[in-house]
There are 2 protein chains.
Amino acid sequence: MLIAVDLVILTLRQSVLRVLLVERGEEPYRGALALPGGFLAHAEESIQAAATRELAEETGLDVSGLHLEQLGVYDEPGRDPRGRVVSVAYLAIAPQLPDPVAGTDAADAAWRPVDQFLDARCDLAFDHKRIVTDGVERARSKLEHSALATAFCDAVFSIADLQEVYEAVWGMPLDPRNFARKVRTTEGFIAPAGQARATAGRPARLFAAGPNKTLYPPMVRPPRPPTLKELQ
Amino acid sequence: MLIAVDLVILTLRQSVLRVLLVERGEEPYRGALALPGGFLAHAEESIQAAATRELAEETGLDVSGLHLEQLGVYDEPGRDPRGRVVSVAYLAIAPQLPDPVAGTDAADAAWRPVDQFLDARCDLAFDHKRIVTDGVERARSKLEHSALATAFCDAVFSIADLQEVYEAVWGMPLDPRNFARKVRTTEGFIAPAGQARATAGRPARLFAAGPNKTLYPPMVRPPRPPTLKELQ
DNA sequence: GGAATAGTGTCTTTTAGACAGTATTTG
DNA sequence: CAAATACTGTCTAAAAGACACTATTCC
């Protein structure tokens, strides 16, 4: 019985929610896109340890600050043509990483917009499309009642940065004024962090993640796109 | 590498949230309370199939209508003194079952109030206390934005029945008038189902589970007990 | 001053919380 | 009628949605 670990690593690049995918260099599914991951390194390795190890290998970063949580087990018969493989999927959230994914052991790794996989446009190896879908839905849901959105941001961020996260993950535009009021009045969500930075226009005030991990009242996601007049 | 399935089967009995536990007849943890479950029946059995099979064996019921969802993987090193056992936990929700749990293959099976395990009063075999805690927290959370509460009820139920579910799972009293208004105005949550039944007092109107699985707006759980004047 | 971005304020609608009263059944 | 249970209504407070305006920086 083989046990594998698959990683759904989500990040924001150019205001678009993206997932890290690698091009498979071997059969089965040679040339197809797949989630990074691999088998347990040895029989005694814990699954969580394997997930952390793979995450470090794939992102080439210090992984201690990254959000990593278990997504679920996937073992539908026939999901792997090589035989019975039980895969444990993990969801990782990363702030914007340096452009080249350094230190990757997979040949071609790239950040792909998740939209391509939520509808039927592109397919992935194995059942990885379903795993990506589940991972995105988990992220969407957790943005409602947890402070997960701050895991997409750097240590300090502006309210506009945070709104970008919500808009990209939920896939809908939000009103900046109501959004700012909401996050500022949700206790323990964000905490002031120093002064403004320098850009064109008024400098934004910066914040850091607050002490609370669960939000009350929650950020309620509208069931449908609120108004279909996006940017004019 | 051994793979096991553990079941957190929750139900309501005497207005108390309970979990099905068995007394272990063998080492390790002989005599201790544990979750029902077991190893895969054969190498080709899928984990989901094993969970369904165990659920049928333990409850002795037609399992087709019961809610069953994956909870997570537990494989902390040392969780099982026999060696490396990877356990996949499932959460099952059952309406009130016939009093004796018929057809059970475990020696002594009983419905225990979950309160005993959420604080430090009683312990369980292996890491089953953590699994129960995670299962209850999953149920509490899903009651907020999904129609899971109807899975605790029979096919038809009164609003008071539904309120009993929320009070037992969340562990806090709710106002009957506001609760009724809330569930009646949440579209697709419950649908009228025929007429009243016979008891002492005015007969209650009956409902069935509505078409919607996700609730909007959600049932928001107060962060703390709302008023500490329970029943006088 | 003008462009660009950040932030605050106000009005309205919706939803939640607190509470008192009315309705329908059984005995 | 009394007791028991089910249901409806009203007032208030909180939160969300929909807007228009002011503020600070760079050029």
Side-chain angles (χ1 to χ4, degrees), chain A residues 15 143-145 153 156-164 166-167 170 172-190 192-207 215-232, chain B residues 15 143-145 153 156-164 166-167 170 172-190 192-207 215-232:
Chain A
S15 303
L143 249 53
E144 295 197 62
H145 51 267
C153 299
V156 294
F157 50 86
S158 69
I159 291 189
D161 294 334
L162 194 62
Q163 179 175 343
E164 225 178 281
Y166 274 89
E167 291 185 330
W170 283 353
M172 58 178 68
L174 300 173
D175 183 278
R177 303 163 292 216
N178 294 334
F179 181 84
R181 178 186 57 191
K182 173 65 177 164
V183 297
R184 271 190 286 102
T185 60
T186 299
E187 197 177 355
F189 190 7
I190 58 176
Q195 247 310 11
R197 66 184 173 184
T199 58
R202 177 176 174 174
R205 280 193 287 178
L206 297 182
F207 298 86
L215 306 179
Y216 183 83
M219 308 277 299
V220 178
R221 161 171 52 151
R224 317 241 167 260
T227 51
L228 282 186
K229 30 178 173 176
E230 314 219 345
L231 50 151
Q232 31 172 319
Chain B
S15 303
L143 249 53
E144 296 197 61
H145 50 268
C153 301
V156 294
F157 50 87
S158 70
I159 292 190
D161 294 334
L162 195 61
Q163 179 175 343
E164 224 178 282
Y166 274 89
E167 291 186 329
W170 283 354
M172 57 179 67
L174 300 172
D175 183 279
R177 301 163 293 215
N178 294 335
F179 181 84
R181 178 186 57 191
K182 174 63 178 164
V183 297
R184 270 190 285 104
T185 60
T186 300
E187 196 176 353
F189 190 6
I190 57 175
Q195 247 311 11
R197 67 184 171 185
T199 57
R202 176 175 174 175
R205 280 192 287 179
L206 297 182
F207 298 85
L215 307 179
Y216 183 83
M219 308 279 297
V220 177
R221 161 172 53 149
R224 316 238 168 262
T227 53
L228 282 186
K229 29 177 174 178
E230 314 219 344
L231 50 151
Q232 32 172 322

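Per chain, numbering begins at 1; letters A, B, ... match sequence-line order. This one's a predicted model, so the numbers in the text were calculated from it and none came from an experiment.
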Do any N or O atoms of the protein come closer than 3.5 Å to N or O atoms of nucleotides 24-27 of chain D, and which pairs are they?
| residue | atom | partner | partner atom | Å |
| --- | --- | --- | --- | --- |
| D:dT24 | O2 | A:R202 | N | 3.3 |

Closest heavy-atom contact between [X] and [Y]?
{"X": "A:P218", "Y": "B:V220", "result": "CD-CG1, 4.0 Å"}
{"X": "B:F207", "Y": "B:A193", "result": "C-CB, 3.7 Å"}
{"X": "B:W170", "Y": "B:E144", "result": "CZ2-CG, 3.7 Å"}

What is the distance from atom [atom1] of [X] to atom [atom2] of [Y], rounded to the nearest 0.5 Å?
{"X": "A:R181", "Y": "A:N178", "atom1": "CZ", "atom2": "CG", "value": "4.5 Å"}
{"X": "B:T186", "Y": "B:M219", "atom1": "OG1", "atom2": "CE", "value": "6.5 Å"}
{"X": "A:Q163", "Y": "A:D175", "atom1": "CD", "atom2": "CG", "value": "7.5 Å"}
{"X": "A:I190", "Y": "A:R205", "atom1": "CD1", "atom2": "CZ", "value": "9.5 Å"}
{"X": "A:L162", "Y": "A:E167", "atom1": "CG", "atom2": "CD", "value": "10.5 Å"}

Atom pair distance, as rounded to whole Å: [atom1] in [X] and [atom2] in [N]:
{"X": "A:D161", "N": "C:dT5", "atom1": "CG", "atom2": "C1'", "value": "12 Å"}
{"X": "A:L162", "N": "C:dG7", "atom1": "CG", "atom2": "P", "value": "12 Å"}
{"X": "A:N178", "N": "C:dG7", "atom1": "CG", "atom2": "P", "value": "15 Å"}
{"X": "B:I159", "N": "D:dT8", "atom1": "CD1", "atom2": "P", "value": "8 Å"}
{"X": "A:E187", "N": "D:dA14", "atom1": "CD", "atom2": "C1'", "value": "15 Å"}
{"X": "B:D175", "N": "D:dT8", "atom1": "CG", "atom2": "P", "value": "14 Å"}
{"X": "A:E144", "N": "D:dA16", "atom1": "CD", "atom2": "P", "value": "12 Å"}
{"X": "B:Q163", "N": "D:dC7", "atom1": "CD", "atom2": "P", "value": "12 Å"}

Using nucleotides 12-16 of chain C, report all nitrogen or oxygen pairs with the protein that are shorter than 3.5 Å.
| residue | atom | partner | partner atom | Å |
| --- | --- | --- | --- | --- |
| C:dA16 | OP1 | B:K182 | NZ | 2.9 |
| C:dA16 | OP2 | B:K182 | NZ | 3.4 |

Can you figure out which of C:dA6, D:dA6, C:dT8 approaches the side chain of A:R184 most closely?
->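 Closest of the options to the side chain of A:R184: C:dT8.
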
Has the side chain of B:R177 got a donor or acceptor that lies under 3.5 Å from a partner of the other kind on the base of C:dA20?
->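 Checked by distance alone, the answer is yes.
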
Just jot down the ring-ring contact (aromatic ring centres under 6.0 Å, His included) partners of B:F179, sequence neighbours excluded, or say none.
->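 With sequence neighbours excluded, B:F179 shows a ring-ring contact (aromatic ring centres under 6.0 Å, His included) to B:Y166, given in chain and number order.
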
